[in-house]
Protein chains: 2
Amino acid sequence: MARKTAMRRTGCPINFGLEIFGDRWTLLILRDLLLQNKRRFQELLNSDEGIATNILADRLKRLEAAGVIDRSSDPADGRKVIYRATEKGVALVPVLLEIAAWGATHDAKTDAPADFVPGFKADRAGTIAAFTARLRDD
Amino acid sequence: MARKTAMRRTGCPINFGLEIFGDRWTLLILRDLLLQNKRRFQELLNSDEGIATNILADRLKRLEAAGVIDRSSDPADGRKVIYRATEKGVALVPVLLEIAAWGATHDAKTDAPADFVPGFKADRAGTIAAFTARLRDD
DNA sequence: AATATTACTTGCAATTCGCAAGCAACCTTA
DNA sequence: TAAGGTTGCTTGCGAATTGCAAGTAATATT
């Protein structure tokens, strides 16, 4: 899991994002951290998609290195680690919600609640604000 | 390049998206098709990030299989192939613009024009409409 | 003191990636 | 109409990444 010094391909802002979260797992971890309020390694591990422990550990390291999340140990239980999105991470909520809206719209068998897409379209800013506020509260 | 029958991990709408474009290259191809109006294999190949021909061919096949793009041959030149986003593909413009806005905001050395983020924030719907309209025109 | 939890590493086989070549179909030029 | 160039791919192969299983160290619980 040698952390290689991230070689930038280009200065394109989309490429910048992809070099951080352009893989099959990173945005799922951010989904759990940003939209599902998960905080610990075990919670992230237990997601339905079934990420492996080495991949999860690697992605959390990269996200921390990229300044998207913070890592701290739980003062109430020294074994536990708390992962938390930084402001830079919280700023990805709109990206995740747009992907979710696209997926829910174009997947006939989506698990998304029926009112998600209409609600998001009707009040995009409100939906984003609701998720964002929840992250800053706890 | 064996196309394996895409095994769904879950019905999560974000996972649905990631199974189509959750890798280092696919969204860059869509960037070129959706935001840069590229249409041919060579144009996509010439992007600054330097995608390999086998990867590009593979991703174009997957995008076509997913219904995100259409493939047709150029009536004016039988060697050339025209790749074009479907409605499902055009619907990814907001996703790409959100990623671009995030990248431009958080990358100190971004190549994005200085007025992109302010312009996008001031008139999100207008920015999306401008890109979308351009795709339907030609 | 013994056992369980939590957050990870480590090993290794299997898949995927990326570079370089090759190739078939089509167009252009002479 | 023959020769050469262009276009959109495919093929081979070494290197990197992934994913599963099995550890392990540092706490916490009983």
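Chain letters run A, B, ... following the sequence lines, proteins first and then strands; every chain starts at 1.
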Completion exercise
Note: for B:W25 and A:R40 on DNA chain C, the residue whose nearest nucleotide lies more 5' is A:R40
Handout entry: Spacing of A:R9 atom CZ relative to C:dG18 atom C1', expressed in whole Å
Key = 12 Å
Practice task
Take atom CG of B:D23 and atom C1' of C:dC17, then tell me their distance rounded to the nearest Å.
Solution key: 11 Å
Practice task
Verify the distance criterion only: is there a donor paired with an acceptor across the side chains of A:D70 and A:T86 at less than 3.5 Å?
Solution key: no
Problem - Nucleotide D:dT18, atom C1' - distance to CZ of A:R62 in whole Å - result: 11 Å
Problem - Test ring pair (Phe, Tyr, Trp, His ring centres under 6.0 Å) applied to A:F131 - qualifying residues, sequence neighbours left out - result: none
Problem - Qualifying ring-ring contact (aromatic ring centres under 6.0 Å, His included) pairs, either residue in residues 72-102 of chain A, two or more places apart - result: A:W102-A:H106, A:W102-B:F16, A:W102-B:F21
Practice task
Measure from the side chain of B:Q42, starting at C-beta and using heavy atoms only, and say which of C:dC8, D:dG12, D:dG8 lies closest.
Solution key: D:dG8
Exercise for the section: Any side-chain hydrogen bond (donor to acceptor under 3.5 Å, both in side chains) involving residues 110-122 of chain B? Give me the pairs, sequence neighbours left out, ordered by first then second residue. Expected result: none
Practice task
Write down the distance between CG (B:N54) and C1' (D:dA16), rounded to a whole number of angstrom.
Solution key: 15 Å
Completion exercise
Of D:dC9, C:dC8, D:dG12, the nucleotide closest to the side chain of B:Y83 is D:dC9
Problem - Nearest-angstrom distance from the residue atom CG of B:L56 to P of D:dT7 - result: 14 Å
Fill in the blank from the handout: Residues in residues 67-80 of chain A with a heavy atom under 4.0 Å of DNA chain C, by number, are A:R71, A:R79, A:K80
Exercise for the section: List in chain and number order the residues that pass side chain to side chain donor-acceptor pair (under 3.5 Å) with B:R40, two or more places apart in sequence or in another chain; answer none if no residue qualifies. Expected result: none
Handout entry: Atom-to-atom span, CD of A:E43 to P of C:dT5 - whole angstrom
Key = 16 Å
Practice task
Apply salt bridge (charged side-chain N to carboxylate O under 4.0 Å, His left out) to A:R24 and list each qualifying residue two or more places apart in sequence or on a separate chain.
Solution key: none
Practice task
Side chain of A:K61 only, please: which of C:dT9, D:dG19, C:dA7 is the nearest?
Solution key: C:dT9
Exercise for the section: Report the distance from atom CD1 of B:I29 to atom P of C:dC17, rounded to the nearest whole Å. Expected result: 11 Å
Practice task
Using only heavy-atom distances, determine whether the side chains of A:T105 and B:K88 contain a donor-acceptor pair under 3.5 Å.
Solution key: no
Exercise for the section: Please check the phosphate of D:dA16 (OP1 and OP2 only) for any side-chain N or O of B:R24 closer than 4.0 Å. Expected result: no
Handout entry: d(CD1, B:I55; P, D:dT17) in whole Å
Key = 13 Å
